[in-house]
Amino acid sequence: MAGLQKFARVVKEVQRDVLAARERDPAARGVSRAEILTTWPGIHALLAYRVAHALHCAGVPLAPRLISMLTRAFTGIEIHPAARIGRGLFIDHGAGVVIGETAEIGDDVTLYQGVTLGGTGFATGKRHPTVQDNVTIGSGAKLLGPITIGHGAKIGANSVVITDVPANSTVVGNPGHPVRVDGRRVEGPDADWIHLPDPIAEAIGALSARIAELERLRAEAGESEPQPPAQVTPLRPVRGRNPAGG
Ligand SMILES: CC(C)(COP(=O)(O)OP(=O)(O)OC[C@H]1O[C@@H](n2cnc3c(N)ncnc32)[C@H](O)[C@@H]1OP(=O)(O)O)[C@@H](O)C(=O)NCCC(=O)NCCS
């Protein structure tokens, strides 16, 4: 009974994937569902993934990885069976797409050929991107690490994205940086949300400086030994260039 329910769910998911291809691929206008199902490599990869993922969730050994490996050989698209993919994903052309084990993809996402949702190194645990609903990722884009790509964002072709992406923004370049947010050009000093100050680190740094000054005065008065000042580092290292271009 549970097996039948899973099968019915996979069929529904694949129907929705075919619909997504019809809606979002200009080359699919006027093409029948049967033709899309039989000749679109992105659809084949998703069909195989949906089966492999159901088997993976049921704890079946070997078969999910075998399906994933064979699908890669046929379509050039590699999706780890443990990845979590929502409804209506459309993978256009497909070759060279890699979706890692801990990647999460929301609903109605579009990926072009050569997209990588990968890790940055040998880290374990959550190490691949989370892509929210209605995101479009251009051909050749590499999204690396446990970053979040906000709802409705567009990632330009060949971008390399290693930091979170705000919702409804367009990100391009290497390193990927927002050039549009809510359709507006990103500019001005207030647009730099990457290099925000860390108020807690700043407060602790100020206290530490005052303590160091008191200790210096005590040491000068011969009341104690001089102490090295405390090191205060922000919780989240600030990297990446100013999206406002400053
Ligand atoms: C990013 C993209 C989605 C356009 O998004 P958009 O929000 O409409 O953005 P715009 O076209 O207004 O471009 C915004 C800026 O980014 C630049 N830009 C757009 N795509 C870029 C890219 N891939 N790399 C670098 N810069 C890019 C534009 O020149 C523009 O620059 P400006 O601010 O100096 O004017 C689109 O250019 C893209 O890369 N799509 C991928 C499509 C694809 O992979 N097709 C493969 C089909 S086989």
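Just follow the structure's listing: the first ligand is 1, and inside any ligand the first atom is 1.
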Review point. How close does the nearest protein non-hydrogen atom get to atom 34 (O) of ligand 1, and which residue and atom is it?
Key: Arg185 NH1, 4.0 Å
Review point. Are Asp92 and Arg24 close enough for a salt bridge, meaning some N to O gap below 4.0 Å?
Key: no
Check your understanding: Just wondering, do His53 and Pro81 contact through their side chains at under 4.5 Å, heavy atoms?
Key -> no
Exercise for review: Determine, considering heavy atoms only, which of Val186, Asp92, Val179, Ile137 sits nearest to atom 15 (C) of ligand 1.
Suggested key: Val179
**Study point:** Per atom 1 (C) of ligand 1, closest listed option by heavy atom (Gly156, Ser169, Pro178)
**Key:** Gly156
Review point. Which other residues belong to the hydrophobic cluster containing Val161, where Ile, Leu, Val, Met, Phe, Trp and Tyr are joined when side-chain heavy atoms lie under 4.5 Å apart, directly or via other members?
Key: Leu46, Tyr49, Ile77, Ile79, Ile85, Leu89, Ile91, Val97, Ile99, Ile105, Val109, Leu111, Val115, Leu117, Val131, Val135, Ile137, Leu143, Ile147, Ile149, Ile155, Val165, Val171
Point to revise | The one among Arg180, Lys154, His177, Gln113 that brings a heavy atom closest to atom 12 (O) of ligand 1 | key: Arg180
Check your understanding: For atom 10 (P) of ligand 1, is some protein heavy-atom partner under 4.0 Å away?
Key -> no
Point to revise | Ion pair check, Arg87 and Asp17, cut-off under 4.0 Å | key: no
Exercise for review: Would you mind checking which non-hydrogen protein atom is closest to atom 42 (C) of ligand 1, with the distance to 0.1 Å?
Suggested key: Tyr112 CE1, 4.1 Å
Practice item. Nearest 0.5 Å please: distance from the CZ atom of Phe74 over to the NE2 atom of His44. Key: 11.0 Å
Check your understanding: Protein heavy-atom contact under 4.0 Å for atom 27 (C) of ligand 1?
Key -> yes
Check your understanding: Heavy-atom distance from atom 23 (N) of ligand 1 to the protein below 4.0 Å?
Key -> yes
Review point. Heavy-atom count around Lys12 NZ within 6.0 Å, excluding the residue itself: above 12?
Key: no
Review point. Atom 44 (O) of ligand 1: which protein heavy atom is closest, and how many Å away?
Key: Ser139 N, 2.7 Å
Revision key, fill the gap. Min over Val181, Ile155, Val172, Asn174 of heavy-atom distance to atom 19 (C) of ligand 1 lands on Val172
Check your understanding: What closest approach, in Å, do Ser224 and Glu215 show between heavy atoms, and which atom pair accounts for it?
Key -> OG-O, 4.2 Å
**Study point:** Separation of Ser169 OG from His151 NE2 (nearest 0.5 Å)
**Key:** 12.0 Å
Check your understanding: Should the pair Glu213-Arg216 be classified as a salt bridge under the 4.0 Å nitrogen-to-oxygen rule?
Key -> yes
Check your understanding: Quick one: which of Gly114, Ala157, Ala27, Gly138 has a heavy atom closest to atom 38 (C) of ligand 1?
Key -> Ala157
Review point. Can a protein heavy atom be found under 4.0 Å away from atom 31 (O) of ligand 1?
Key: no
Check your understanding: For atom 7 (O) of ligand 1, is the nearest protein heavy atom under 4.0 Å away?
Key -> yes
Check your understanding: Any protein heavy atom lying closer than 4.0 Å to atom 46 (C) of ligand 1?
Key -> yes
Practice item. Give the residue and atom name of whichever protein heavy atom lies nearest to atom 4 (C) of ligand 1, and the separation in Å to one decimal. Key: Thr170 CG2, 4.5 Å
Review point. Do Pro146 and Pro129 come close enough that some side-chain heavy atom pair is under 4.5 Å?
Key: no
Study note, to complete from the structure: Counting from 1 in the order shown, the ligand 1 atoms closer than 4.0 Å to a non-hydrogen atom of His93 are 48 (S)
